[in-house]
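Counting starts at 1 for both ligands and their atoms, in listed order.
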Amino acid sequence: MRVLGINAIFHDPAAALVVDGRVVAAAEEERFSRRKHGKRPLPFSAWELPEQSARWCLASGGLHASELDAVAYSFDPALCRPPDDLGLSDPWDWLRQEYAVRAPYFLADVLNGLDPDKVVFVPHHVAHAASAALAAPTSYGQGDCAVLVLDGRGERASHLAGRYRDGLLEPLATQDLPHSLGLLYEDLTVHLGFLRSSDEYKVMALASYGTPKHLDLLRELVSVTPTGGFHVGPVDFAALAPPRGEHDEMTEAHANLASSVQTRLEEVILDLAGWLYDAAGGPSALAMAGGVALNCVANARLSAQGPYRRLWVQPAAGDAGTALGAALHVARAGGDAVTPMPGADLGRGYTDAELEAELNRARLSYTRPASIAEYAADVLARDGIVAWFQGRAEYGPRALGHRSLLAHPGNEANTERLNDVKGREQFRPVAPMVLESRAAEVFEGELPSPYMLFVHRVREDWRKRIPAVVHVDGTARVQTVDPAVDPLTAAMLSAFDRRTGLPVVVNTSLNTAGRPMVDTPREAMELFGSAPVDLLALGPFAVTRSGAFDGLG
Ligand SMILES: [Fe+2]
């Protein structure tokens, strides 16, 4: 089957193409529209579709919209309920249902030749579940595992716990709205002066600066039920820390509140996962998705203390991933055997000739060193900052060595330096990438960790050697690099290791604050031109800072 997956309803619009059960392409609309998260998460924007990413997915698969067997849309309007029944305060929520009902016609309008009758509605959390359980590697129980979706909201629920057998889902528990761990965390995000459905990871980073002073109260307000769900009572954040404006000072009270909610979230996730383990008959593997599954501190705790032997989290765990999940679900339900996703690099990529043409068009001086991996390692070893643009762009919120900004981990000042390059808050940690074969020497916890979805304790004897990537609480959000999967980035790490004795490089996303990650060569050159980056490694080509301005004047 040829199935195009579409996520549009809440935020992070995205598209994915699955052909005969194989993931061909997946991309988020923000990388095309250059608008972070694609749109604001309001009912009024629910009609907006991932037009450009959907067209690109089709083109990359060599398909015309008329050749699709199905379009899988990750929201089912038939499951909607009036806002009053949901206990939500948004009187405009019904617009989502209205727009979803009309989505087949909107889609036919933007995808020439599409038959609107080919559009299939997939329940939002079934799409999340499939994005985890059907995309996971076989060694993590692909198609045969427990699945836990922890979300802000779907049509009427915020959570789904289930069991996959032979690629088919048996739901075991759902939690209806208004009770929602994701919405609780989003409300806290707003209270702390950050952006809803966008900055939740900043709250998680902030939590490590505080102590969970209000944990007893939160244990009363947020409780698990005996049927695998949970209740979230109204939490009066203002009674615990004053509401913070975007530019207000961040105080200890704010950090303590963040820490309290974070800690309670971790406890509840452990309980939910434990209930599911028993209800599902003790499967060895758990797959997770939903926005809350991007909480890598909670994931690490579940990995360490939960009952499962293996834990896999969909790298695009937020709503963007439902485009892929919806497509995989429809393919499997239609009888296709689905294969695990090959990696997160499912977006746009360019040939060497295309990259060189872009450099020439920009009239930039560049070289083609014998090995861009060795060249970049040289610059990094001399404490330069490298923009690393290689292969296909990542699907999901993390840069994983395809659109990355790299630096030396031994220079503590590089955290600040990278935050300055990107123009973002100084309490934000930057993360390490490490050769998979060396990871256990340096880090404790869930390994391998190819998608930066877990935090790891940095081993005591390594903390002083790689201070730039060690967070205030002694942890790091690690990406392990396997040479069999990503030979070029692994070669760069090996070359850096030979020069410095460190198999670790600082890795942060290739973007500046508030902007989506760089996707195209032109955007990479724009970033290079405007930020103090020493080397742009664009495929096999090298553009250096001084060289970038040769030929001027
Ligand atoms: Fe979702």
Side-chain angles (χ1 to χ4, degrees), residues 5-16 26 28-30 37-43 45-46 48-50 72-77 79-81 86 88 90 93 96-97 99-100 103 121-135 147-162 169 171 173-187 189 195-201 229-230 232 265 269 272 287-295 298-299 313-329 395-397 453:
I6 295 285
N7 172 58
I9 200 80
F10 295 113
H11 44 76
D12 298 295
E28 294 178 56
E29 187 72 3
E30 66 161 27
H37 298 294
K39 56 175 158 184
R40 292 304 301 140
L42 300 169
S45 69
E48 291 179 34
L49 294 166
Y73 183 90
S74 62
F75 187 86
D76 184 353
L79 298 176
C80 289
R81 289 287 174 273
L86 298 176
L88 298 176
D90 190 343
D93 194 57
R96 293 198 168 98
Q97 184 180 14
Y99 287 146
F121 295 116
V122 179
H124 188 71
H125 291 147
V126 170
H128 271 308
S131 80
L134 297 183
V147 69
L148 187 58
V149 174
L150 296 166
D151 206 18
R153 61 167 295 192
E155 295 86 356
R156 66 167 101 160
S158 74
H159 143 275
L160 168 70
L169 172 65
T174 59
Q175 176 57 57
D176 278 344
L177 293 166
H179 305 285
S180 168
L181 298 172
L183 293 182
L184 173 74
Y185 216 87
E186 286 187 8
D187 290 345
T189 302
L195 193 60
R196 180 185 293 279
S197 299
S198 173
D199 289 349
E200 283 68 23
Y201 61 103
F230 49 87
V232 181
L265 176 74
I269 291 174
L272 295 175
M288 288 175 71
V292 181
L294 290 171
N295 193 304
N299 294 349
V313 182
Q314 159 61 240
D319 274 5
T322 65
L324 176 62
L328 290 172
H329 173 80
Y395 180 52
L453 290 161

**OP:** Before giving the answer on side chain to side chain contact (heavy atoms under 4.5 Å, CB included), spell out for D151 and V292 the whole-Å C-alpha distance, their side-chain angles and the decisive distance to 0.1 Å.
**Re:** CA-CA 6 Å; D151 206 18; V292 181; 5.9 Å; no

* Quick one: NE2 on H128 to CG on L150, what's the gap to the nearest 0.5 Å? ->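 The distance works out to 10.0 Å.
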
Practice task
Indicate the atoms forming the closest heavy-atom contact of A320 with Y395, along with that distance.
Solution key: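 Heavy atoms only, the tightest pair is O-OH, 2.5 Å.
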
So do N7 and E28 actually touch side chain to side chain, heavy atoms under 4.5 Å?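 Not touching, per the 4.5 Å side-chain cut-off.
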
Taking every non-hydrogen atom, the tightest pair across I6 and A15:
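For I6 and A15, the tightest heavy-atom pair comes out as CD1-CB, 4.4 Å.
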
Check: H179 main-chain N/O paired with S158 side-chain donor or acceptor under 3.5 Å: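 Looks like yes, one N/O pair under 3.5 Å.
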
(Q) Give me the number of protein N, O or S atoms whose distance to the Fe ion (ligand 1) is under 2.8 Å. (A)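 Protein N, O or S neighbours of the Fe ion (ligand 1) under 2.8 Å, waters not counted, come to 5.
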
